[in-house]
Structures are given as C-alpha cells and as structure tokens.
Amino acid sequence: MLLPAAAAPAVSPTARSSAPTFNGGVYAIAHRGATTYVGGTFTTATANGRTYPRERLAAFDSRTGKLLDWSPSADGVVRALAATDDSVYAAGDFHAVSGERRDSLVRIHPTNGAVRSFRHTLSGTPYALAAGNGRLYLGGSFTQVTGERRDNLAAFSLTTGRLDPRWRPVADDTVHAIAVTGPRVYLGGGFHLVGAVKGTLRLASVNGTSGVVDPAFKPRVPAEVRAIALDPTGVHVATAGRGGRAIAYSYAGALRWQRVFDGDAAAIATAGGITYVGGHFDNACLTERNGVKGGCVDGARPRFKLAAVTAKGQLASWGPKANGVIGVRVLSVNHVAGTIEAGGDFTMIDGADRRRFAAF
C-alpha cells in the first residue's frame with residue numbers, strides 16, 4: 001500500500017507568530033490530531049509573552065499556538081517522538097521521566113502527560129521512532145534492548161509493549177531515520193549493510209512484520225542518511241557528507257532527482273508534490289557538483305537552512321532565512337494546521353524571534 005496523495009498545505013514564506021518558542025534545541029516533532037508534540041534539549045517554553053517550565057517535552061494546539069498543560073519532564077535529551085491514538089512515545093538520552101525510571105524509552109498519556117506502562121532498557125543511543133503495522137519501530141546506535149541482542153534496530157508491540165521477537169533486522173551501523181508506509185519500513189543512516197544484503201548501503205527497505213530486506217530496493221546513496229520522507233512518488237532522503245543533498249528515489253530504488261547544498265541536509269518533509277529541506281547549509285548549488293569542503297562549484301542561490309524543491313527537482317522560490325550554525329534539525333508536515341513545522345537550534349527566521357521552532 002502506497003501513501004495516499006496529500007493535499008498541499010498553504011505554506012507561507014513567513015513563520016507564524018503564534019507558535020511557542022523554546023530556550024533549547026527542538027529535535028523531534030509528532031502530531032496527534034491538532035496537537036503538536038515537541039522534544040529536545042529545552043527547559044522552558046514561551047507563549048503569548050509568558051514563559052513556562054517544560055523539561056524537554058511540550059505540546060501545543062497547532063491551530064492557535066496555545067501551549068497545553070501536557071508537561072512530562074525528561075531528565076535528558078529527547079531525540080525522537082511518535083504519536084498513536086492513545087500514546088506518545090519518546091526516545092532519547094534520559095533515565096527518568098516525571099520521576100519514573102525510564103531508560104531511553106517512554107510511553108506517555110497523550111492528554112494528561114502521565115507516564116504509562118512501557119519499560120525497557122537500551123544499551124546505546126536511540127535516534128528514530130515510527131509507528132505502523134501494530135508496532136513501534138526504534139532505530140539508533142545500540143546492541144541490546146532489555147538484555148536481548150538487537151543491532152541498531154528493534155520493534156515493540158503497540159498492544160502489549162513487549163519487544164517483538166520476530167522483527168529483528170540487523171544494521172551494521174547507526175540508524176538515524178525510520179519511515180513506514182503500509183507493510184514496508186524504510187531505514188536510513190550510516191550503515192553499510194542491513195541483514196548482510198548487498199545494496200543496502202545507507203538506505204534500505206524491510207518488511208514491517210518479518211524484518212526481511214527487500215532485495216529489489218537498492219538505491220545508491222552517496223552519503224549518510226539523516227532523514228526520510230515518503231509520498232506517493234517515492235522515497236526522499238536528506239544526507240550529510242561533503243555538502244548535503246536532498247535526493248528522491250522511486251519505490252523501485254531508481255534515482256529521480258537530487259539537489260546539492262553547501263552544508264548537511266538534516267531534515268526532509270514532503271507535501272503536495274513539494275519537498276522541504278532543512279539543515280546546516282547557507283546555499284543551494286545550481287548543479288550537483290561541489291568542492292572538497294562542500295562549497296558549490298558552479299554557482300549557488302542563497303538558502304539559509306531551509307529550502308524547497310519541486311517534483312521535478314527544481315529549486316523552488318520558498319526560502320525563509322533561519323540563523324545559527326546547526327540550523328534546522330527536524331521538519332514535519334502538519335495536515336491539520338496546513339503548515340510545515342521546523343525545529344532546531346535557530347533563534348530567528350527572517351530577522352524575527354522564532355527560537356527553535358517555527359510553523360510556515
């Protein structure tokens with residue numbers, strides 16, 4: 001089953017002033033209805049001129065920007081979020097949430113913020129979460145989950161919370177991104193092989209139930225994958241490396257187009273045939289060539305941490321100017337609010353105060 005075509009959100013080049021801002025980085029975004037959940041390194045959120053304590057987790061109404069009372073507190077960085085009908089899952093460097101011992105993984109009530117029954121231990125760092133096929137999928141850099149061997153990938157039952165004994169593909173290095181469509185799960189990262197199958201360098205497709213690698217999907221990705229977005233046309237990835245790239249592949253693994261930037265591409269999202277890209281870059285290259293340090297060789301157009309690409313791979317005019325060195329870490333489509341949401345370490349968009357979060 002492929003993803004249904006999504007209507008294009010009415011994306012503005014100007015960030016909305018109603019969204020909350022944060023005093024530390026936003027690393028993850030998830031949605032449940034009109035609620036936007038964010039996670040990161042922040043300890044306060046500011047909305048309507050008032051500042052509230054929010055320990056690395058927060059939620060707000062994406063239509064109005066109103067900060068919600070939902071405020072579980074994590075004692076370490078939140079790196080990934082996934083929302084389902086009855087829960088919000090978070091993964092990161094924490095060891096406790098709202099005073100409850102939770103090692104790197106937690107399940108939270110979506111409206112009252114209570115920590116729920118779901119407890120596992122992790123020998124490493126989680127980077128990605130995604131829900132589908134009755135499972136919560138986890139990716140990162142780890143070797144064990146609750147004492148059982150898992151090589152950078154694991155899955156849990158959304159019904160029982162138990163570690164899935166069947167879904168256990170092996171990635172030989174870090175998994176940074178997971179995306180799900182129907183029975184297929186797409187994995188991106190710095191790995192060389194998944195399941196010892198050749199042709200799975202940095203990007204692979206596996207079955208969502210068995211974990212078996214799809215041998216027909218063998219894209220050739222030139223650098224480490226940091227983010228994945230799926231739409232009816234195929235698989236879109238953001239890569240790091242010598243300059244960053246936004247690359248689109250068909251579901252058969254064929255290259256459709258790519259855009260090169262003068263810094264890492266760390267985030268990607270698609271809506272209405274447009275691919276939105278975020279990262280550390282300051283320019284979009286006019287060709288696919290760049291230099292040793294990633295600089296554009298054949299000319300460039302300024303794109304400060306944010307850019308958009310058409311369905312044919314052409315650079316679109318949308319290009320809000322975000323500041324900072326790290327820039328944008330995560331992008332997400334909010335279909336309820338009709339916006340593209342960006343999180344990261346920026347503090348301004350087009351000269352206006354938009355600390356670490358913006359909606360366009």
Side-chain angles (χ1 to χ4, degrees), residues 19-47 51-62 65 67-84 87-100 102-116 118 120 122 124-131 136-141 156 175-179 226-227 266-267 269 278 326-334 340-346 354-359:
T21 60
F22 300 88
N23 73 334
V26 170
Y27 285 39
I29 299 172
H31 303 109
R32 178 181 173 272
T35 302
T36 295
Y37 300 91
V38 295
T41 64
F42 54 85
T43 56
T44 65
T46 299
T51 297
Y52 305 83
R54 290 294 186 273
E55 297 284 340
R56 303 172 185 88
L57 288 161
F60 59 92
D61 187 315
S62 61
L67 192 68
L68 301 179
D69 292 336
W70 192 87
S71 57
S73 58
D75 67 353
V77 180
V78 173
R79 298 184 178 275
L81 292 171
T84 63
S87 299
V88 176
Y89 294 88
D93 299 338
F94 51 82
H95 300 288
V97 176
S98 299
E100 300 279 347
R102 291 295 186 273
D103 181 24
S104 305
L105 292 167
V106 66
R107 177 185 176 217
I108 304 167
H109 194 283
T111 57
N112 65 26
V115 174
R116 309 188 76 175
F118 177 75
H120 294 277
L122 195 72
T125 303
Y127 290 112
L129 287 173
L136 177 72
Y137 298 100
L138 172 70
S141 177
F156 309 87
V175 175
H176 285 292
I178 301 178
R226 293 299 180 88
I326 299 298
V328 174
R329 291 180 179 271
V330 59
L331 288 172
S332 184
V333 181
N334 188 320
I340 299 296
E341 297 172 339
D345 293 278
F346 54 86
R354 297 291 182 270
R355 283 167 289 161
R356 287 95 186 183
F357 183 89

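None of the values given here were measured: they were computed from a predicted structure.
- Heavy atoms only, all atoms of each residue included: Val328 and Ala267 are closest at CG1-CB, 4.3 Å.
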Problem set entry | Pair Thr35-Asp61, side chain to side chain contact (heavy atoms under 4.5 Å, CB included): steps then yes or no | CA-CA 5 Å; Thr35 302; Asp61 187 315; over 6 Å; no
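- Between the side chain of Arg56 and the backbone N or O of Ala74 there is at least one donor-acceptor pair closer than 3.5 Å.
- Side-chain atoms of Thr41 come within 3.5 Å of backbone N or O of Gly25 as a donor-acceptor pair.
- Looking only at distances, a side-chain donor or acceptor of Tyr37 sits under 3.5 Å from a matching main-chain atom of Pro110.
- Residues Thr84 and Arg107 form no side-chain contact, since every pair of their non-hydrogen atoms from C-beta on lies 4.5 Å or further apart.
- Between Leu67 and Ala47, the closest heavy-atom pair is CB-CB, 4.1 Å.
- At least one side-chain heavy atom of Leu57 sits under 4.5 Å from a side-chain heavy atom of Leu81.
- The distance from atom CG of Leu136 to atom OG of Ser87, rounded to the nearest 0.5 Å, is 9.5 Å.
- Residues Leu122 and Asp103 approach most closely at N-OD2, 2.9 Å, considering heavy atoms.
- Note: Asn23 CG to Thr43 OG1 = 3.5 Å, rounded to the nearest 0.5 Å.
- Residue His109 qualifies as enclosed at atom NE2: its count of foreign heavy atoms under 6.0 Å is above 12.
- Panel note: side chain Arg356, backbone Phe22; a donor-acceptor pair is recorded below 3.5 Å.
- Interatomic distance, Asn334 CG to Ile29 CD1, rounded to the nearest 0.5 Å: 9.0 Å.
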For this session: Dump the intermediate steps for side chain to side chain contact (heavy atoms under 4.5 Å, CB included) on Val38 and Glu341, then the final yes or no.
Result: CA-CA 11 Å; Val38 295; Glu341 297 172 339; over 6 Å; no
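- Thr44 places no side-chain N or O within 3.5 Å of a backbone atom of Pro53 that could act as its donor or acceptor partner.
- One distance of note links OG1 of Thr46 with OH of Tyr52; it measures 9.0 Å at 0.5 Å rounding.
- Interatomic distance, Leu105 CG to Phe156 CZ, rounded to the nearest 0.5 Å: 5.0 Å.
- Scanning both residues, Ile108 and Arg116, for their nearest heavy atoms gives C-CD, 3.8 Å.
- No more than 12 heavy atoms of other residues, nucleotides or ligands shown are found within 6.0 angstrom of CG on Asp69.
- Partners of Tyr89 by ring-ring contact (aromatic ring centres under 6.0 Å, His included), not counting sequence neighbours, listed by chain and number: Phe118.
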Problem set entry | Step-by-step side chain to side chain contact (heavy atoms under 4.5 Å, CB included) determination, Ser332 to His31 | CA-CA 9 Å; Ser332 184; His31 303 109; 2.8 Å; yes
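- Of the inter-residue distances, the one linking Arg54 atom CZ with Phe60 atom CZ reads 12.0 Å to the nearest 0.5 angstrom.
- Side-chain atoms of Asp93 do not come within 3.5 Å of backbone N or O of Val77 as any donor-acceptor pair.
- Minimum heavy-atom separation, Gly124 to Ser104: O-OG, 4.4 Å.
- A ring-centre distance under 6.0 Å is not found for Phe42 and Phe357.
- A cation-pi contact, defined as under 6.0 Å to the ring centre and within 45° of the axis, links Arg329 to Tyr27.
- Heavy-atom minimum distance, Ser98 versus Pro72: OG-CA, 3.3 Å.
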